[in-house]
Amino acid sequence: MLQQHADNKQDSHIVTAFEISLLFVAFLSVLFFLYPKEGLEKKILSENSNYNLTTIYLKNLISLNSEDSNLVFAMAKSLHQQGKLELSSNLLELLESNPDDDVKAKATLLHLTLNNSKLQKPITKNEKERIIKKNHKLLSSISNETITDRKSNETLYHTAISLNERTLALRFNLNIIKNKTTEKYLFWLKNAHYLAEEVGDKNTNIQILKTLVIEDTSKSRFWLDALLPQLDKDTNLAHLASELKLKDEALAELYILNNQSLKASKIYISILNKTTNKNEKKALLIKVISILQGNNQISEAASFASRYENDYIMDKEMTKKFLKLYFAANRADMAKQLSLKIIKKRRQK
């Protein structure tokens, strides 16, 4: 008797569960007939109150056919544009767990944009904290996705900065500069350098600085100054010069910055012998003499200068430099010879 009573109780439980399932299916069916997919968009976009019911329906719609995700996204975007932020947020949350990476990324990006819009409006402290917490979560969820659209990466970058997520900001910044034709390319390159330096990402910083040396031609020396302290002491400078496409004076400057000024002087001499510009020639001559003097090669500097003294007999600045150099090298004979040349030349004039 007791066993029969237990069986009846179990049958009653089974029937109840079955009835609930039937009611749920019936509920969905009623919703579908009331708002078939063809008229769904119009209904959702005009929704003003029953957000929970609408969200439940759409959640089940997506689970039955994942292709409907694009329809839901389009509605969420339209609702955002209409200022119906709560319903738009609800729809986006449905899409953020979508297995399709593209759908998930689009939904997360729009949700961040929507939340940023909310933060610009007067809201309570608790609401602000809730949105910021949500943004942290959204940013983390999308940080490993491959985002190629520049505007999307800029949205992600600015959101990361606002949340003090510097490492993530750098990641989105790097996405932006993958395309050299991007607007404000040099600005984003420099920004990536400062971010990499701030978060201590040395390898990324080195690569960015190398790119800046090549791309920001008017400030190559400045970026070289920043790059060299980051490099290992045994860095192959010849290879680096080739990588950075350094030639002539830029290459010489690299050697000077790395305390290899004698190598730089050889480059300057090579340029000096080829140039026909008088001002450039004079500047190079002074550089070479200074480098040799700085390396205690006074005699070599005097011998080098003597090759060019005839070109500067009428240049008081240069003849004065030559005479001082000859005396410093204990070459009074060279100083006497130059003095006689100067007197003779000036008498002829």
> Got a second to check how far Phe187's CZ is from Leu189's CG, nearest 0.5 Å?
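Going from CZ on Phe187 over to CG on Leu189, the span is 11.0 Å.
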> Going through the distances and angles, do Leu262 and Gln297 end up as a side-chain contact (heavy atoms from CB on, under 4.5 Å)?
CA-CA 10 Å; Leu262 287 176; Gln297 296 190 12; 3.5 Å; yes
> Hey, does Lys278 have a side-chain heavy atom less than 4.5 Å from the side chain of Asp311?
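No - every pair of side-chain heavy atoms lies 4.5 Å or more apart.
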> Please enumerate all residues that pass side-chain contact (heavy atoms from CB on, under 4.5 Å) together with Glu309, with sequence neighbours excluded.
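Only Ser306, Phe322, Tyr326, Leu338, Lys341 meet the side-chain contact (heavy atoms from CB on, under 4.5 Å) criterion with Glu309.
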> Listed by chain and number, what are the ring pair (Phe, Tyr, Trp, His ring centres under 6.0 Å) partners of Tyr268, not counting sequence neighbours?
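Result, ring pair (Phe, Tyr, Trp, His ring centres under 6.0 Å) vs Tyr268: none returned.
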> Taking Asn153 for its side chain and Asp149 for its backbone only, find out whether a donor-acceptor pair lies under 3.5 Å.
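Here the side-chain-to-backbone pair exists.
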> Going by heavy atoms in the side chains, are Ile271 and Glu280 under 4.5 Å from each other?
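Heavy-atom side-chain distance check passes, below 4.5 Å.
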> Show me the donor-acceptor pairs, under 3.5 Å and distance only, between side chains in residues 115-123 and residues at least two apart or in other chains.
residue: Asn115; atom: ND2; partner: Asn135; partner atom: OD1; Å: 3.0
residue: Asn116; atom: OD1; partner: Asn135; partner atom: ND2; Å: 3.4
residue: Asn116; atom: ND2; partner: Leu112; partner atom: O; Å: 3.2
residue: Asn116; atom: ND2; partner: Thr159; partner atom: OG1; Å: 3.1
residue: Ser117; atom: OG; partner: Thr113; partner atom: O; Å: 3.0
residue: Lys118; atom: NZ; partner: Glu86; partner atom: OE2; Å: 3.2
residue: Lys118; atom: NZ; partner: Ser89; partner atom: OG; Å: 3.4

> What residues form a ring pair (Phe, Tyr, Trp, His ring centres under 6.0 Å) with Phe304, not counting sequence neighbours?
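With neighbours one apart ignored, the set is Tyr308.
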> Is a side-chain N or O of Ser339 found less than 3.5 angstrom from the main chain of Ala335, in a donor-acceptor match?
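At least one qualifying donor-acceptor pair exists.
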> Which atom names give the shortest non-hydrogen contact between Trp223 and Lys190, and what distance separates them?
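Reported closest heavy-atom pair: CZ2-CG, 3.8 Å.
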> Would you please name every residue forming a side-chain contact (heavy atoms from CB on, under 4.5 Å) with Asn205, sequence neighbours left out?
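Checked Asn205 against side-chain contact (heavy atoms from CB on, under 4.5 Å); matches are His193, Ala196, Glu197, Leu209, Gln230.
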> Under the salt bridge (Lys or Arg N to Asp or Glu O under 4.0 Å) rule, what do Lys151 and Glu154 come out as? Steps first, then yes or no, please.
CA-CA 5 Å; Lys151 288 187 177 180; Glu154 286 185 10; over 6 Å; no
> Examine distances only and state if a side-chain atom of Thr124 and a backbone atom of Glu127 form a donor-acceptor pair shorter than 3.5 Å.
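Between the backbone of Glu127 and the side chain of Thr124 there is a qualifying donor-acceptor contact (under 3.5 Å).
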> Nearest 0.5 angstrom please: Leu244 CG to Leu224 CG, how far?
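Atom-to-atom, Leu244:CG and Leu224:CG are 6.5 Å apart.
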> Which pair of non-hydrogen atoms, one from Ser265 and one from Val288, has the smallest distance, and what is that distance?
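Heavy atoms only, the tightest pair is O-CG2, 4.1 Å.
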> side-chain contact (heavy atoms from CB on, under 4.5 Å) with Glu129: which residues, sequence neighbours excluded?
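Result, side-chain contact (heavy atoms from CB on, under 4.5 Å) vs Glu129: Lys125, Asn126.
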> Considering non-hydrogen atoms only, spot the tightest contact between Ala169 and Tyr157 and give its length.
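In this case the closest contact between Ala169 and Tyr157 is O-CD1, 3.4 Å.
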> Within the distance-only criterion (no hydrogens, no angle test), does the side chain of Ser303 pair as donor or acceptor with the backbone N or O of Ser299 below 3.5 angstrom?
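Side chain of Ser303 to backbone of Ser299: a pair is present.
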> Judged by atom type as modelled, is there a donor-acceptor pair below 3.5 Å linking the side chain of Thr204 to the main-chain atoms of Asp201?
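Flag not set: sc Thr204 to bb Asp201 has no pair under 3.5 Å.
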> Going from OH on Tyr312 to NZ on Lys321, what distance comes out if it is rounded to the nearest 0.5 angstrom?
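It is 12.0 Å, given to the nearest 0.5 Å.
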> Backbone N or O of Lys316 within a donor-acceptor pair of the Thr319 side chain at under 3.5 Å?
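Here the side-chain-to-backbone pair exists.
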> Going from OG on Ser261 to CD1 on Ile267, what distance comes out if it is rounded to the nearest 0.5 angstrom?
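The OG atom of Ser261 sits 11.5 Å away from the CD1 atom of Ile267.
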> Can you sort out the partners of Lys178 under side-chain contact (heavy atoms from CB on, under 4.5 Å), two or more places apart, ordered by chain and number?
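Lys178 satisfies side-chain contact (heavy atoms from CB on, under 4.5 Å) with Asn175 once adjacent residues are dropped.
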> Kindly state each residue pair satisfying salt bridge (Lys or Arg N to Asp or Glu O under 4.0 Å) with at least one member in residues 162-175, sequence neighbours excluded.
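Every salt bridge (Lys or Arg N to Asp or Glu O under 4.0 Å) pair that includes a residue of residues 162-175, provided the two are not neighbours, is Arg166-Glu198.
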> Work out which heavy atom in Gln293 is nearest to a heavy atom in Leu325; give both atom names and the distance.
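Shortest heavy-atom separation between Gln293 and Leu325 comes out as NE2-CD1, 3.4 Å.
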> Among all residues two or more places apart in sequence or in another chain, which pass the side-chain hydrogen bond (donor to acceptor under 3.5 Å, both in side chains) test with Asn179?
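Partners of Asn179 by the side-chain hydrogen bond (donor to acceptor under 3.5 Å, both in side chains) criterion, ordered by chain and then number, come out as Thr181.
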> Please check this pair: side chain of Thr211 against backbone of Gln207, looking for a donor-acceptor N/O pair closer than 3.5 Å.
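At least one qualifying donor-acceptor pair exists.
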> Does a side-chain heavy-atom distance below 4.5 Å link Leu285 with Met318?
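A side-chain contact under 4.5 Å exists here.
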> With a 3.5 Å distance limit and no angle check, can you tell me whether Thr235 reaches the backbone of Leu231 through a side-chain donor-acceptor pair?
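No.
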> Just by modelled atom types, is the Asp234 backbone N or O under 3.5 Å from a matching donor or acceptor in the Asp232 side chain?
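It does not hold such a pair.
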> Are Ile298 and Phe327 linked, directly or through intermediate hydrophobic residues, by side-chain heavy-atom contacts shorter than 4.5 Å (ILVMFWY only)?
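Looking at the clustering, Ile298 is in a separate group from Phe327.
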> For Lys219, does the NZ atom sit with more than 12 other heavy atoms under 6.0 Å from it, leaving out its own atoms?
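For Lys219, atom NZ is not crowded (no more than 12 foreign heavy atoms under 6.0 Å).
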> Who are the salt bridge (charged side-chain N to carboxylate O under 4.0 Å, His left out) partners of Asp315, not counting sequence neighbours?
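Only Lys282 meet the salt bridge (charged side-chain N to carboxylate O under 4.0 Å, His left out) criterion with Asp315.
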> Let me confirm one number: the CD1-CG distance from Ile208 to Asn191, rounded to the nearest 0.5 Å.
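Result: 10.0 Å between the selected atoms.
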> By side-chain hydrogen bond (donor to acceptor under 3.5 Å, both in side chains), which residues pair with Ser220, not counting sequence neighbours?
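Testing Ser220 for side-chain hydrogen bond (donor to acceptor under 3.5 Å, both in side chains), a comparison that skips the adjacent residues, returns none.
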> With sequence neighbours left out, write down each residue that passes side-chain hydrogen bond (donor to acceptor under 3.5 Å, both in side chains) with Asp333, or none if nothing qualifies.
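With sequence neighbours excluded, Asp333 shows a side-chain hydrogen bond (donor to acceptor under 3.5 Å, both in side chains) to Arg331, given in chain and number order.
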> Is it true that Asn173 and Trp188 share a donor-acceptor pair across their side chains at a distance under 3.5 Å?
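Side chains of Trp188 and Asn173: no pair found under 3.5 Å.
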> Using a 4.5 Å cut-off on heavy atoms from C-beta on, say whether the side chain of Ile206 contacts that of Lys202.
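In contact.
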> Can any side-chain N or O of Asn295 pair as donor or acceptor with the backbone N or O of Ile291 at less than 3.5 Å?
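Side chain of Asn295 to backbone of Ile291, a donor-acceptor pair under 3.5 Å: yes, one is there.
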> Which pair of non-hydrogen atoms, one from Ile289 and one from Ala305, has the smallest distance, and what is that distance?
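The answer is CD1-CB, 3.9 Å.
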> Out of curiosity, Ser140 OG to Leu163 CG, how far, rounded to the nearest 0.5 Å?
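One finds 11.0 Å between OG of Ser140 and CG of Leu163.
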